[in-house]
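Structure, as structure tokens:
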Amino acid sequence: MIAEVIVDVAAHPIDRPFDYAIPKHLEVLAEPGMRVKVPFGNRKVLGFITDLKETSEFDPTRLKPIHELMDVVPVLNKEMLEMAKWMKEQTVCFEIDALKVMIPAALRAKYEKRFVLNAPLEAIAEPLRPYFKDKTFLKAQEAVEVYALLKKEMTNGTIIADTDISQQTAVKKVKMIHITESLEQLEAIDVRANAKQQIKLLAYFKKNSGRTIEASQLQKEAGVTLPTVYSLAEKGAATISNMESYRDPTLLTDIEKKEFLQLTDAQQTAFNAIDAALNTPKTFLLHGITGSGKTEIYLQTIDQVLKEGKEAIMLVPEISLTPQMTIRFKERFGDMVAVLHSGLSAGEKYDEWRKIQRHEVKVVVGARSAIFAPFENLGLIILDEEHESSYKQDDSPRYHARDMAIWRSEYHSCPVLLGSATPSLESYARAQKGVYELLVLEQRAKNQPLPSVEIVDMREELRRGNRSMFSVQLADAIRESLERKEQVVLFLNKRGYSSFVLCRDCGTVMQCPNCDISLTYHRSSELMRCHYCGHDEPVPHICPECTSEHIRFFGTGTQKVEEELAKVVPGARVLRMDVDTTRNKGAHEKILSAFGEGKADILLGTQMIAKGLDFPNITLVGVLSADTTLHLPDFRAAEKTYQLLTQVSGRAGRDVLPGSVIVQSYTPEHYAIILAKDQLYEPFFDQEMAMRRASGYPPYYYVVNIQFTHEDLMTVAGYAEQTVRYLSSQLSPNTLIIGPSASLIARVNNRYRYQCLIKYKKEPKLTEVMQQLIKIYRTEWLKKGATLSIDMNPTSVM
DNA sequence: AGCACGCCGACT
DNA sequence: GTCGGCGTGCTC
């Protein structure tokens with residue numbers, strides 16, 4: 001038998017199946033979807049069997065055999081293999097990348113070069129011998145100082161180079177102690193009189209005969225150490241075995257089961273619509289204002305799916321997988337739920353994934369990649385906050401979880417439910433056209449009024465001589481809230497606001513030497529760092545250009561706001577939440593729960609606090625500057641701003657206390673800001689659609705972004721220019737080709753970046769032309785050191 | 001991508 | 001005379 005294998009080499013000429021002979025003894029085991037080790041050229045690589053067949057087009061005498069099967073049960077099923085092929089077409093990626101993104105990182109290969117001893121130890125040079133003492137190989141990393149000697153041996157053939165392929169994490173095992181059942185047997189065991197520990201343990205064994213207990217538990221209960229257990233086990237008092245176990249990532253034990261809430265009429269109507277379509281591949285868009293109780297609908301429709309014996313996937317945007325969401329799912333579905341998000345270690349993710357694969361859970365709550373949960377009987381897929389850009393992966397494979405969801409819904413003939421208070425224009429436009437079915441929740445579930453939103457014109461403040469970042473209104477409101485012992489959330493739009501260093505004499509801003517971007521000041525490490533290439537250098541005390549001492553930190557990082565805040569409300573307890581304070585595992589949850597428990601008066605943070613925050617005592621939300629996202633050179637700038645403002649103001653007044661929101665802006669007349677004030681989605685949609693139509697962007701046009709990089713500016717500009725000419729000659733006349741132009745950040749890591757945009761409505765030849773373009777790149781530009789990347793339907797074009 | 005093969009310059 | 005530079009070509 002012959003296996004078609006996609007090998008783990010991401011390169012254009014390799015991006016196709018290679019045929020391998022299956023050794024006789026593996027024929028019964030081999031199945032599509034299994035990982036294999038195969039010889040490839042003169043090395044070994046990992047690959048996936050994608051198909052089995054009897055004959056090969058390739059010269060059968062030159063077929064190499066599969067070296068090793070890595071799995072007993074396939075890690076990918078038929079659906080996933082099919083989906084990978086589609087994804088490759090859809091996103092223009094390598095098939096191997098599509099396959100790899102579907103399995104947990106722990107199962108992806110780890111390659112390690114090593115030197116293997118191929119002769120008796122005495123045969124190699126004396127200085128090398130200690131390195132091979134009691135082992136036959138040496139990791140290349142640990143041999144740097146003897147490379148020269150090794151090389152010599154390799155020409156003799158006494159040492160050969162090899163690559164070791166292993167997976168990244170193993171199954172966790174726990175030691176189980178099974179205590180002998182028969183009391184007579186235990187009585188008969190003879191222990192020396194001075195072996196106090198053993199006597200103690202034996203007494204414990206007699207009391208617990210027949211029990212099976214985890215070793216760590218036993219050590220605690222009996223007060224003994226493992227060697228004692230071993231010596232008694234040798235005498236026949238117990239047997240010791242290793243049992244597979246799961247790492248428990250949630251730390252959410254003892255969650256009380258909760259019953260479902262009574263749905264409001266509006267919720268019931270939405271629920272009924274979905275319920276009626278549970279066996280149809282239909283996409284719903286649930287448009288519900290903040291606090292309208294979308295989650296309850298998710299929970300109850302999922303319950304309905306489980307009752308039919310099917311499974312459900314619940315996707316949430318990356319960081320916003322707040323403890324609250326997890327808790328609500330655990331409350332309703334208990335241990336039927338697996339959780340997959342970025343906060344888990346590779347081992348924890350692998351364990352959660354195995355629970356899904358083994359059908360031990362029925363629901364998965366997770367971020368983007370959870371869309372690949374290997375359920376076989378899928379009944380429903382939900383994307384909460386469907387407009388979030390984190391659903392699109394921003395490196396290859398550049399897939400969108402929404403597209404994958406719809407593909408799977410067709411495969412399983414089950415519905416997709418997209419939920420948002422601020423749907424993406426694409427989804428809402430589709431709902432209006434009837435491609436998706438629109439469901440609306442207009443009222444908040446607990447019938448609270450929407451928070452009152454006040455927009456403060458910061459230009460006015462400036463004119464009145466207030467140069468601080470807090471307007472009079474906001475400062476007063478903060479003080480009043482604190483007097484009433486209520487909580488405040490302050491939101492800082494981080495983008496474009498990171499701290500940079502500016503010389504006040506010559507105007508020099510410290511730049512990264514490799515990239516066209518200014519360096520960011522990091523207080524924790526006292527370094528200036530580039531966010532693009534990672535370059536860092538010490539903070540200067542004099543200007544590097546003019547040696548003036550008048551340099552100062554500019555911009556408004558959260559740290560800076562915190563300092564100013566101390567002047568406005570002295571003594572207030574402030575919790576800061578940003579990349580710096582949430583770097584550690586679980587820090588995010590810790591800060592939120594501390595705030596929830598009332599351990600602080602003010603929560604100050606960036607984007608990440610915009611979502612999921614649901615505490616009853618928050619009555620004031622302040623947005624320090626609404627404009628920062630608005631003026632980015634991107635077609636989604638207004639949409640993002642509207643979404644952010646709505647999202648943030650939704651954090652106020654979620655319970656009995658009424659909420660108020662203060663939005664500070666330098667362009668308060670912009671429609672995105674005015675319409676977000678009263679959550680007027682429809683008018684915003686109409687106005688933004690008109691803009692998109694006028695400028696030829698989605699949803700009116702589809703967009704493809706093609707990026708080029710090269711060390712040399714003229715070269716990269718030339719390739720981009722050639723591409724534009726080529727595309728114009730190949731694509732239909734109605735298609736617009738924009739550019740080429742230098743990217744917004746024109747140089748990263750000393751490579752120049754150019755890009756061009758394709759905007760089209762209908763382009764049947766698109767995939768074909770993209771493949772052709774790749775071919776040109778492959779044969780002509782790749783060896784000259786250029787890179788090319790294609791982003792289909794980018795979330796932004798910056 | 002990685003790795004070998006192969007053909008021309010500066011060293012033991 | 002050999003070591004080693006990276007151009008070119010292949011991987012079932």
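Below, each value reflects all heavy atoms present in this structure, side chains not excepted, and no hydrogens, waters or symmetry copies. Just so we're on the same page: letters track the sequence lines, and every chain starts at 1.
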- prompt: Quick one: salt bridge (Lys or Arg N to Asp or Glu O under 4.0 Å) partners of A:Asp634, sequence neighbours excluded?
  reply: none
message: Run the salt bridge (Lys or Arg N to Asp or Glu O under 4.0 Å) test against A:Glu721 and tell me which residues pass, sequence neighbours left out.
response: A:Arg725
query: If you walk 5' to 3' along DNA chain C, what is the first nucleotide with an atom under 4.0 Å of a heavy atom in chain A, and what is the last?
result: C:dT11 to C:dC12
- prompt: Quick one: is the NZ or CZ of A:Lys761 closer than 6.0 Å to the six-membered ring centre of A:Tyr701, and within 45° of its axis?
  reply: yes
- prompt: Do A:Lys88 and A:Asp15 sit within salt-bridge range, that is, some charged N less than 4.0 Å from a carboxylate O?
  reply: yes
field: Nucleic acid contacts - residues 81-98 of chain A versus DNA chain C, non-hydrogen atoms under 4.0 Å
entry: none
query: Does a side-chain N-to-carboxylate-O contact under 4.0 Å join A:Glu244 and A:Arg354?
result: yes
Just distance, no hydrogens or angles: give the donor-acceptor pairs under 3.5 Å from side chains in residues 96-112 of chain A, sequence neighbours left out.
residue  : atom : partner  : partner atom : Å
A:Lys100 : NZ   : A:Asp8   : OD1          : 2.9
A:Arg108 : NH1  : A:Lys100 : O            : 2.7
A:Arg108 : NH1  : A:Ile103 : O            : 2.9
A:Tyr111 : OH   : A:Asp8   : OD2          : 2.8
A:Tyr111 : OH   : A:Leu46  : N            : 3.0

field: Partner set under salt bridge (Lys or Arg N to Asp or Glu O under 4.0 Å) for A:Arg43, not counting sequence neighbours
entry: none
- line: Whole-Å distance, A:Ile165 CD1 to B:dG2 P, equals 13 Å
task: Identify, residue by residue, the members of residues 12-33 of chain A with a heavy atom below 4.0 Å from DNA chain C, and return them in order of residue number, or none.
output: A:Pro13, A:Ile14, A:Arg16, A:Phe18, A:Asp19, A:Tyr20
query: What pairs meet the ring-ring contact (aromatic ring centres under 6.0 Å, His included) rule with one or both residues in residues 36-85 of chain A, with sequence neighbours excluded?
result: A:Phe18-A:Phe40
Could you list all N or O pairs between the protein and nucleotides 3-7 of chain B that sit under 3.5 Å apart?
residue : atom : partner : partner atom : Å
B:dC3   : O3'  : A:Asn42 : ND2          : 2.5

message: Any carboxylate oxygen within less than 4.0 angstrom of a Lys/Arg side-chain nitrogen, looking at A:Asp164 and A:Lys139?
response: no
Taking distance alone, no hydrogens or angles, what donor-acceptor pairs closer than 3.5 Å link side-chain atoms of residues 23-32 of chain A to residues at least two apart or in another chain?
residue : atom : partner : partner atom : Å
A:Glu27 : OE2  : A:Met1  : N            : 2.8

field: Pair listing, ring-ring contact (aromatic ring centres under 6.0 Å, His included) test, anchored in residues 749-782 of chain A, at least two apart
entry: A:His12-A:Tyr777, A:Tyr702-A:Tyr760, A:Tyr719-A:Trp781
task: Apply salt bridge (Lys or Arg N to Asp or Glu O under 4.0 Å) to A:Arg62 and list each qualifying residue two or more places apart in sequence or on a separate chain.
output: none
